[in-house]
Amino acid sequence: MAKKNQKIYVCSECGYESATWLGKCPSCGEWNTLKEFEEAGTSSGKVIKELKPSHLSEIRSSDEKRISTHMEEMDRVMGGGIVRGSLILIGGDPGIGKSTLMLQTCRNLCNDGLRLLYISGEESLHQIRMRADRMGKFNDNLSLLCETDLDLIEKCISNEKPDIVVIDSIQTMYKDSISSAPGSQTQVREATAILMRIAKGLGVTVFVIGHVTKEGMVAGPRVLEHMVDTVLYLEGDRHSSYRILRGVKNRFGSTDEIGVFEMMENGLSEVKNPSEFMLDGKPEGSSGSIVSCALEGTRPILVEVQSLVTRTSFGMPRRTAAGFDMNRMNLIMAVIEKRLGLRMSEYDAYLNIAGGMRLSEPAIDLGVVLSTVSSFYDKALPEKLMCFGEVGLSGEVRTVRSAGQRIGEAAKMGFQKCICPEGCLRSLRHTEGIEIIGVRTIREAVEKIREAG
Ligand code: TYD
Ligand code: MG
């Protein structure tokens, strides 16, 4: 006998499930995010079979070849290529270029002889054709379908048996038997579960596109992260042309890799040297600007850290950070005040990572300190100077990983001096063409720059 359908409440931010409605999610702490959701009844007349667990050695390891997309930037983020039968979520703001990226991937894959099915619920066939025309040559291995009904889609996939399916976007898909509107929490979860079943059952790789909106109006892909195998986010400033594809979760590889692209007339093109791109347009001889190096996965990327410090006209100093964590910025301002004796509490401070990149690595802390100090005194830092290091609460400059790689990247880009944590000097081999200055504290770093003139 089937039990009556039960109501559960699911948090739209983190996917936490609760039997009762709660104002605040106990898991992620967000308010008013729990939405009602009907759970299908479970059968109680279940036959219990005996299970036998296996040893690792008994399991056949599939060293199956991954499918290359012929885009190095994309392959790297996915851990070396596409794994057959996996479900991959591509998230991002609307209009950032998700459909473009997927259509381009389709083009490369269909030219390799793989059979693809691109299902769009957002654009007409005519619109897709216009976009494809700009991108270059496609062959007949790619089929297109405009449909949003999941029952029909499931049928079509099992008839056509393509190698790869693209769903654009998950928010437009719906299952008839569920009463809520497409894009709602319930529909999005159900749609993903169906696609997961298709991927695992038929061995079809499924790419799912999902919009993330800041307002959380539409069920964001956040709730889906734990259901799918791989989560990639396409980010970037809509007003600048570069885009970053970031691996957030990957069951088949490491997650902190990024791929860098530039949006062009004919689609996205790969950026092989992101540092050059990020430093493009760096002002010369202006105060409050320094180059630092962030490590994204295995890739060092040079970025320009910009600060602007002005006397505050209110009682409370204003602080804003673009591309950097606000709390960390506040902490660094406090460290500057206490350890360098600058009265930051009387000054507004604005921080910007130029190029629109979002960084979470503490290695650029030292860059934040030096650019802030430079703007405070309105004195430009020496040209061709680069710095990195984590800043601790007592003003110490702490060691970060892969110092050699960061310095190597700076030397390659023509930097002549590098201020880095003294602790990093031990692990460094001889580096040519760049003078390395080890520091223990931020005070020492500022003094070394003063000495250098
Ligand atoms: P799109 O892939 O439709 O975004 P999403 O699917 O994430 O909503 O990309 C839309 C933007 O990309 C649009 O503003 C136009 C721009 N674009 C180009 O600049 N060049 C191109 O070749 C294409 C196809 C799009
Ligand atoms: Mg789109």
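Order of appearance sets the numbers: ligands from 1, and atoms from 1 within every ligand. Bear in mind that the values here come from a model prediction, so they are computed numbers and not experimental data. Residue numbers count from 1 along this sequence.
Annotation: side chain to side chain donor-acceptor pair (under 3.5 Å) contacts of Thr312 (sequence neighbours excluded): Asp348. Not counting sequence neighbours, the partners of Leu145 by the side chain to side chain contact (heavy atoms under 4.5 Å, CB included) test are Leu117, Ile119, Glu147, Cys156.
Residue Leu370 is tested with Leu366, Thr372, Val368 for a side chain to side chain contact (heavy atoms under 4.5 Å, CB included); the sole match is Leu366. Test Thr69, Ile67, Ile82 against Asp75 for side chain to side chain contact (heavy atoms under 4.5 Å, CB included) and you get one pass: Thr69.
Cation-pi geometry between Arg406 and Phe388 is satisfied (NZ or CZ under 6.0 Å from the ring centre, within 45° of the ring normal).
Donor-acceptor pairing under 3.5 Å is recorded for the side chains of Glu122 and His211.
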Practice prompt. Check the pair Arg197, Glu154 against salt bridge (Lys or Arg N to Asp or Glu O under 4.0 Å), reporting the backbone distance first and the verdict last.
Written response: CA-CA 10 Å; Arg197 212 168 54 224; Glu154 191 170 3; 3.3 Å; yes

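Note on the Mg ion (ligand 2): protein N/O/S atoms under 2.8 Å are Ser99 OG.
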Does ligand 1 have any N/O atom under 3.5 Å from a protein N/O, and what are those pairs and their distances?
unit_1	atom_1	unit_2	atom_2	d
ligand 1	2 (O)	Ser99	N	3.2
ligand 1	2 (O)	Thr100	N	2.8
ligand 1	2 (O)	Thr100	OG1	2.5
ligand 1	2 (O)	Arg131	NH1	3.1
ligand 1	3 (O)	Arg131	NH1	3.1
ligand 1	3 (O)	Arg131	NH2	3.2
ligand 1	4 (O)	Gly97	N	3.1
ligand 1	6 (O)	Ser99	N	2.9
ligand 1	6 (O)	Ser99	OG	2.6
ligand 1	7 (O)	Ile96	N	3.3
ligand 1	7 (O)	Gly97	N	3.0
ligand 1	7 (O)	Lys98	N	2.8
ligand 1	7 (O)	Lys98	NZ	2.9
ligand 1	8 (O)	Gly95	N	2.7
ligand 1	9 (O)	Thr100	OG1	3.4
ligand 1	20 (N)	Met264	O	2.7
ligand 1	22 (O)	Met264	O	3.4
ligand 1	22 (O)	Glu265	O	2.7
ligand 1	22 (O)	Gly267	N	2.7

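Taking the six-membered ring for Trp and the full ring otherwise, the centers of Tyr347 and Phe376 sit less than 6.0 Å from each other.
Judged by distance alone, the side chain of Lys98 and the main-chain N or O of Tyr233 form no donor-acceptor pair under 3.5 Å.
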